[in-house]
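Contents: one structure, followed by commentary.
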Amino acid sequence: MKIGNLIIVASLILGLISCESDDSSDDQSSNLTSAEETMQIAEAGTWQITRFIDSGDDETGDFSGFEFSFNPDGTLVAVKGSLTVDGVWSVDDDDSNSSSDDDGNSSDDDDFNIFFNVPQTNDFEDLNDDWDIVSISANKMELIDVSGGNGGTDQLTFEKL
């Protein structure tokens with residue numbers, strides 16, 4: 001009889017321990033996928049490129065003064081004075097193909113896609129890629145891509161203005 005009571009008490013204690021509250025359930029974004037969260041962050045404000053390394057070459061200066069807007073309709077606009085460069089963007093929740101995960105973090109294979117319809121000689125063509133997310137916060141997005149042709153690593157950082 002005592003063993004039966006002990007089992008009941010142990011079961012109750014384990015049940016109470018497993019029912020701890022989860023504070024993250026109060027966070028309205030907790031039901032969003034990582035891709036949806038990334039899209040909300042990108043859409044919230046105007047961004048500038050603070051780092052662009054193209055196969056080892058620092059080409060950040062090519063985008064100096066441009067302000068980037070990632071719009072909810074999938075359009076991407078880069079503006080510098082009277083010059084406007086239009087493109088498109090998206091984020092894919094790509095957790096099915098870890099081989100495309102350039103940042104080495106197989107738990108987050110989201111692709112941050114950027115495409116500007118410009119000639120190959122245009123600086124903006126270098127941004128056209130399916131970037132992997134290294135880190136993202138409300139004020140900074142760090143992206144990486146391993147180039148297919150020469151195997152070089154490209155790094156792209158946007159910071160909120």
Side-chain angles (χ1 to χ4, degrees), residues 22-161:
D22 183 8
D23 292 336
S24 66
S25 64
D26 296 335
D27 182 7
Q28 75 184 77
S29 67
S30 65
N31 292 329
L32 299 176
T33 66
S34 59
E36 290 169 330
E37 288 181 66
T38 298
M39 290 171 63
Q40 283 187 353
I41 290 170
E43 293 167 2
T46 305
W47 301 82
Q48 64 183 335
I49 292 178
T50 57
R51 182 173 189 200
F52 178 54
I53 307 298
D54 186 11
S55 298
D57 296 327
D58 187 344
E59 297 180 11
T60 309
D62 294 346
F63 305 97
S64 178
F66 278 96
E67 297 180 5
F68 293 80
S69 297
F70 298 91
N71 299 316
D73 65 357
T75 59
L76 170 57
V77 180
V79 177
K80 179 179 179 180
S82 62
L83 178 59
T84 299
V85 183
D86 294 312
V88 293
W89 76 287
S90 65
V91 179
D92 295 329
D93 210 357
D94 187 23
D95 56 7
S96 62
N97 184 6
S98 63
S99 64
S100 69
D101 185 26
D102 295 330
D103 65 1
N105 179 2
S106 60
S107 68
D108 182 9
D109 294 334
D110 293 347
D111 288 329
F112 195 106
N113 306 298
I114 296 175
F115 179 76
F116 289 98
N117 191 14
V118 294
Q120 282 194 323
T121 56
N122 188 296
D123 291 334
F124 280 84
E125 202 281 329
D126 291 338
L127 301 178
N128 292 346
D129 220 322
D130 59 338
W131 297 88
D132 283 317
I133 299 166
V134 175
S135 69
I136 188 159
S137 69
N139 297 311
K140 189 175 190 177
M141 299 186 291
E142 293 179 297
L143 312 172
I144 192 169
D145 183 68
V146 176
S147 299
N150 61 10
T153 301
D154 299 339
Q155 300 169 357
L156 177 62
T157 302
F158 287 95
E159 291 191 46
K160 193 175 279 187
L161 289 171

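Nothing here was measured: the structure is a model prediction, and the numbers come from that model.
With hydrogens and angles ignored, the 3.5 Å screen pairs a side-chain donor or acceptor of Lys80 with a backbone N or O of Ser64. Side chain of Thr153 to backbone of Val146: no donor-acceptor contact under 3.5 angstrom is found. In terms of modelled atom types and a separation under 3.5 Å, the side chain of Asp111 and the main chain of Asn113 share no donor-acceptor contact. A side-chain donor-acceptor contact under 3.5 Å links Asp154 to the backbone of Ser55. Looking only at distances, a side-chain donor or acceptor of Lys160 sits under 3.5 Å from a matching main-chain atom of Ala44.
Between the CG atom of Asp129 and the CD1 atom of Ile144 there is a distance of 11.5 Å, given to the nearest 0.5 Å. Here Glu59 contributes atom CD and Ile53 contributes atom CD1; the two are 8.5 Å apart, rounded to the nearest 0.5 Å.
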Problem set entry | side-chain contact (heavy atoms from CB on, under 4.5 Å) between Val134 and Leu143, worked out | CA-CA 5 Å; Val134 175; Leu143 312 172; 5.9 Å; no
For this session: Verify side-chain contact (heavy atoms from CB on, under 4.5 Å) between Leu76 and Val88, making sure each step is shown before the conclusion.
Result: CA-CA 5 Å; Leu76 170 57; Val88 293; 5.8 Å; no
For this session: Take Ile49 and Leu156 through the test side-chain contact (heavy atoms from CB on, under 4.5 Å) and record every step on the way to the result.
Result: CA-CA 7 Å; Ile49 292 178; Leu156 177 62; 3.8 Å; yes
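The shortest non-hydrogen separation linking Met141 to Phe112 is SD-CE1, 3.9 Å. The nearest pair of heavy atoms linking Val91 to Thr38 is CG2-CG2, 3.9 Å. Of all heavy-atom pairs between Asp110 and Ala35, the closest is OD2-N, 3.2 Å. What you find for Trp131 and Asp126 is that their closest heavy atoms are CZ2-O, 4.2 Å. For the pair Arg51 and Thr60, the tightest heavy-atom approach, listed with the atom from each and the gap, is CA-OG1, 3.4 Å. Looking at every heavy atom in both residues, Trp47 comes nearest to Ser137 through CH2-O, 4.2 Å.
Classified by interplanar angle (parallel below 30°, tilted 30° to 60°, perpendicular above 60°), the ring pair Phe66/Phe68 is tilted.
Here the side chains of Trp89 and Met39 are in contact, with some heavy-atom distance below 4.5 Å.
Judged purely by distance below 3.5 Å, without hydrogens or angles, the side chains of Ser69 and Asn71 never pair a donor atom with an acceptor atom.
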List the atom pairs, donor and acceptor, that lie under 3.5 Å between side-chain atoms in residues 114-123 and the rest of the protein, sequence neighbours left out.
| residue | atom | partner | partner atom | Å |
| --- | --- | --- | --- | --- |
| Asn122 | OD1 | Phe124 | N | 2.8 |

